[in-house]
Amino acid sequence: MGEVRVRFAPAPTGELHVGGARTALYNWLFARGRGGRFILRIEDTDPERSREEWVEAILASLRWLGLDWDEGPQVGGDFGPYRQSLRLALYREKAEELKERGLAYPCYCTPAELEARRREALSRGASPGYDGRCRNLSVEERKALEREGRRPALRFRVPPGRTSFRDIIRGEVSFSHEDLEDFVILRSDGLPTYLLAAAVDDALMRITHVIRGEDLLPATPRQILLLEAMGAKPPEYAHLPLLVGPDRQPLSKRHGATSVDWYRQAGYLPEALLNYLALLGWSYDGVREEFTLEELVSLFDLERVGKNPAAFDMDKLTAFNARALRRLSDAEFARRALPFLERSGLGLEGSGMETLERAAPLVKERVSRLDQVPSLLEFLFIEAEYDEEAEKVLREAPPELLPAVLEALEGLGIWERGAIEAALRRVQQELGLTPRAAFQPIRAAVTFRTVSPPLFESVELLGRERTLKRLKTALGRR
RNA sequence: GGCCCCGUCGUCUAGCGGCCUAGGACACCGCCCUCUCAAGGCGGAGACACGAGUUCGAAUCUCGUCGGGGCCGCCA
């Protein structure tokens, strides 16, 4: 048994989406868990749809997720190049070979003609696939069609019979060749189609296991046929259940966030996204749900991947993210939150990073995404405006409260949480107020909000000078 | 329309013939804790699509019905 070699082969037609990320993850986990190699291949044979910026975006998202590849763009490897647009001659050569052996034949039908016939077939309830019109053209007929200026595409001549294979996830799957139709392997412009390019590359790159979405299940018998025609041994196949939206429809933009990068910007942790994605179609024992990437590597198993489409549930992802955030050390939390503060225009010069780290334990359990951090900690870095609720609380506060608080805090010897709490509770009790009635106005004055990290810690963190200043400002407004 | 795949709480799932009065998680509801918001603790509601069959016994096996999805492109 040779080395396991798997590949993730995205087409650069958009950002990496969560479905693709899950496919990449399963491939990666399988490779890492079996001491194999994870190969990244860019399927950019269609110049119409492929764009360089998407290649960059996909690589960046994979890197952010931490799914590193052993062979592929930017890292090289012995079976490159790893971009199909750089391998076009190879595909043309293989296609030519098949044609010479009579296993493929030129088809002169134009896309418009094919489309018309498809429609027609569909309208009378027949199968819309290729009708085999050019399958048995004579040399003369071909010449005549070429004289018309038609540039042929190359179609694979599907032989009679049946192709069966054992899918690791689905078990025995079987297709009658009668339902396959002769498919195009080389477009009339000389570019290969997916069916050919993927088959050629899977063979040349010695791929041992193809792990991909269920949408490609019907492509499998065709690729096996091609592989066999080329004298290559087909790899093992594992077709993952599709990811769907809350409405059970295929996951798409209209469900909102589908791109991995959106989740990065929204403050999701890559480890949380990966953990959640791992569970979308796979489970360990149905009870344990939280795993580190290392644990997933040793526990993941294709045999335990389910067969039914899984609905992507952002709420559950968010719950995973919230717990992952709480597990972070204070320093790590601060490091990860920093870009979000900067993005919100909160510069952290001087001792800012230290403040952020000290605030980490206070905010960690109050946010489920990093993009919620800035609004909670803003008061530590800038003089903000009171929000509407804070405004109201201050307006309705007992008039004697703030002056008493000011006096109590001004007299504090050491500016420390315990002392601050003692002082504030004393004021609260002396004025005969409930804790809430006393503390909410203080919170509003000091943090500009009615929702904030715990009051005493917030006051300590803010420091004596700024706290007193804010209390005075609030008093002056009355 | 044809072919293929799939069907356990709203969602992700455990279950691979008796351990199931079907377990866990998210979401939801209630209570507790509490300086706000959270977090946390405790409790609750909530599913085997349906119908036959096999069997002493079926969520688990078989068939059918119904339902959902994928593919049928010179996209991948």
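Please read these numbers as outputs of a predicted model, since none were measured by experiment. Each chain gets a letter, A, B and so on, in the order its sequence line appears, and its residues count up from 1.
B/G53 and B/C61 make up a base pair, with Watson-Crick or G-U wobble contacts both under 3.5 Å. Searching all strands for a Watson-Crick or G-U wobble partner of B/C75 with both distances below 3.5 Å returns nothing. With a 3.5 Å ceiling on both atom-pair distances, B/C48 lacks any Watson-Crick or G-U wobble partner. The partner of B/A25 is B/U11, judged by Watson-Crick or G-U wobble contacts that both fall below 3.5 Å. B/C31 is paired with B/G41 under the criterion used here, namely a Watson-Crick or G-U wobble arrangement in which both key atom distances are under 3.5 Å. Across all strands shown, B/U36 remains unpaired; no Watson-Crick or G-U wobble contact has both distances below 3.5 Å.
Judged by a 6.0 Å distance limit and a 45° cone about the ring axis, A/R304 is not positioned over the six-membered ring of A/Y284. For the pair A/R323 and A/F320, the cation-pi test (distance below 6.0 Å, angle within 45°) is passed.
Rounded to whole Å, the separation between the C1' atoms of B/C29 and B/U13 comes to 22 Å. For the P atoms, the distance from B/C56 to B/G43 is 41 Å, rounded to whole Å. For the P atoms, the distance linking B/G46 with B/G23 amounts to 12 Å, nearest Å. Nucleotides B/C16 and B/C61 place their P atoms 11 Å apart, quoted to the nearest Å. With both ends at atom C1', the span from B/C31 to B/G18 equals 38 Å, rounded to whole Å. B/G7 and B/C48: their C1' atoms are spaced 10 Å apart (whole Å). B/G40 and B/C33 are spaced 8 Å apart, taking the C1' atom of each and rounding to whole Å. The C1' atoms of B/A38 and B/C4 are separated by 49 Å, rounded to the nearest whole Å.
The distance between atom CG of A/D179 and atom C1' of B/G1, rounded to the nearest whole Å, is 12 Å. In this structure, A/L325 places its CG atom 21 Å from P of B/C37, rounding to the nearest Å. In this structure, CZ of A/R187 is placed 6 Å from C1' of B/C74, rounded to the nearest angstrom. The CD atom of A/E48 sits 14 Å away from the C1' atom of B/G73 (whole-angstrom rounding). Remark: P of B/C5 and CG of A/D215 are 16 Å apart, rounded to the nearest angstrom. A straight line from NZ of A/K364 to P of B/G40 spans 14 Å, rounded to a whole angstrom. Between the CZ atom of A/R426 and the C1' atom of B/C35 there is a distance of 17 Å, given to the nearest Å. Look at OH on A/Y91: it is 17 Å from C1' on B/C74, rounded to the nearest Å.
By the 6.0 Å contact criterion, CD on A/E113 is enclosed, its count of non-hydrogen atoms from other residues, nucleotides or ligands being greater than 12. With a 6.0 Å radius and a threshold of 12 heavy atoms from other residues, nucleotides or ligands, A/E407 has its CD atom at or below the threshold. Residue A/E172 qualifies as enclosed at atom CD: its count of foreign heavy atoms under 6.0 Å is above 12. Heavy atoms from other residues, nucleotides or ligands lying under 6.0 Å from CD of A/E52 number more than 12. Summarising the local packing, CZ of A/F381 is surrounded by more than 12 heavy atoms from other residues, nucleotides or ligands at distances under 6.0 Å.
At a cut-off of 3.5 angstrom, the base of B/C5 holds no donor-acceptor pair with the side chain of A/R170. If you check distances only, the side chain of A/R436 never reaches the base of B/C35 with a donor-acceptor pair under 3.5 Å. No donor-acceptor contact under 3.5 Å links the side chain of A/S127 to the base of B/C72.
Centroid-to-centroid, the aromatic rings of A/W282 and A/F300 come within less than 6.0 Å. Ring pair A/Y276/A/Y268: centre-to-centre distance not below 6.0 Å. A centroid separation of less than 6.0 Å is found between the aromatic rings of A/F456 and A/F439. In this structure, A/F156 has its ring center under 6.0 Å from that of A/F183.
Closest approach to the A/P454 side chain among B/U36, B/C74, B/C72 is made by B/U36 (side chain taken as heavy atoms from C-beta onward). Considering only side-chain atoms of A/Q249, the nucleotide from B/A76, B/C3, B/G68 that sits closest is B/G68. Of all nucleotides listed (B/C35, B/C74, B/G70), B/C74 comes nearest to the side chain of A/A153.
Nucleic acid contact class of A/S452 (heavy atoms, under 4.0 Å, all strands): base. Residue contacts for A/R304: at a heavy-atom cut-off of 4.0 Å it reaches the sugar-phosphate backbone alone, with no base atom in range. Here A/R49 lies in heavy-atom contact (under 4.0 Å) with a base. Backbone-only contact: A/P309 has heavy atoms under 4.0 Å from sugar-phosphate atoms and none from a base. Heavy atoms of A/S283 sit under 4.0 angstrom from primed sugar atoms or phosphate atoms, though from no base atom. Within the 4.0 angstrom heavy-atom criterion, only backbone atoms of the sugar-phosphate kind lie near A/L217; the bases stay farther away. The residue A/T318 sits apart from the nucleic acid: no heavy atom pair falls under 4.0 Å. When heavy atoms are screened at a 4.0 angstrom cut-off, A/S174 is found touching the sugar-phosphate backbone but no base atom. Nucleic acid contact for A/R449: none, since no nucleic acid atom lies under 4.0 Å from a heavy atom of the residue. A/P435 comes within 4.0 angstrom of sugar-phosphate atoms only, judged by non-hydrogen atoms across all strands, and of no base. Contact annotation for A/G213: no contact, since no heavy-atom pair falls under 4.0 Å across all strands. When heavy atoms are screened at a 4.0 angstrom cut-off, A/P453 is found touching base atoms of the nucleic acid. Using a 4.0 Å heavy-atom criterion, one finds that A/L376 contacts no nucleic acid atom at all.
Listed for the A/R366 side chain is a donor-acceptor partner under 3.5 Å among the backbone atoms of A/L362. Under the 3.5 Å distance criterion, the side-chain polar atoms of A/R222 are matched with a main-chain donor or acceptor of A/L180.
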Quiz item: Once each nucleotide of nucleotides 22-33 of chain B is scored for protein heavy atoms under 4.0 Å, what B/S/- sequence comes out, 5' to 3'?
Solution: -BBBS-------
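Put simply, A/T45 has a side-chain N or O that comes within less than 4.0 Å of OP1 or OP2 on B/A76. A sub-4.0 Å separation between OP1 or OP2 of B/C71 and a side-chain N or O of A/R222 is absent. For the OP1/OP2 pair of B/C12 and a distance below 4.0 Å, the side-chain nitrogens and oxygens of A/N308 include no atom meeting the criterion.
Taking A/E389 as the reference, A/D387, A/T450 meet the side chain to side chain contact (heavy atoms under 4.5 Å, CB included) condition, with sequence neighbours excluded.
Residues A/V367 and A/S188 both approach RNA chain B. Their nearest nucleotides, taken by heavy-atom distance, put A/V367 toward the 5′ side. Nearest-nucleotide mapping onto RNA chain B: of A/L114 and A/E172, the residue sitting toward the 5' end is A/E172.
Residues of residues 116-125 of chain A having a heavy atom closer than 4.0 Å to RNA chain B, listed by number: A/R118, A/G125.
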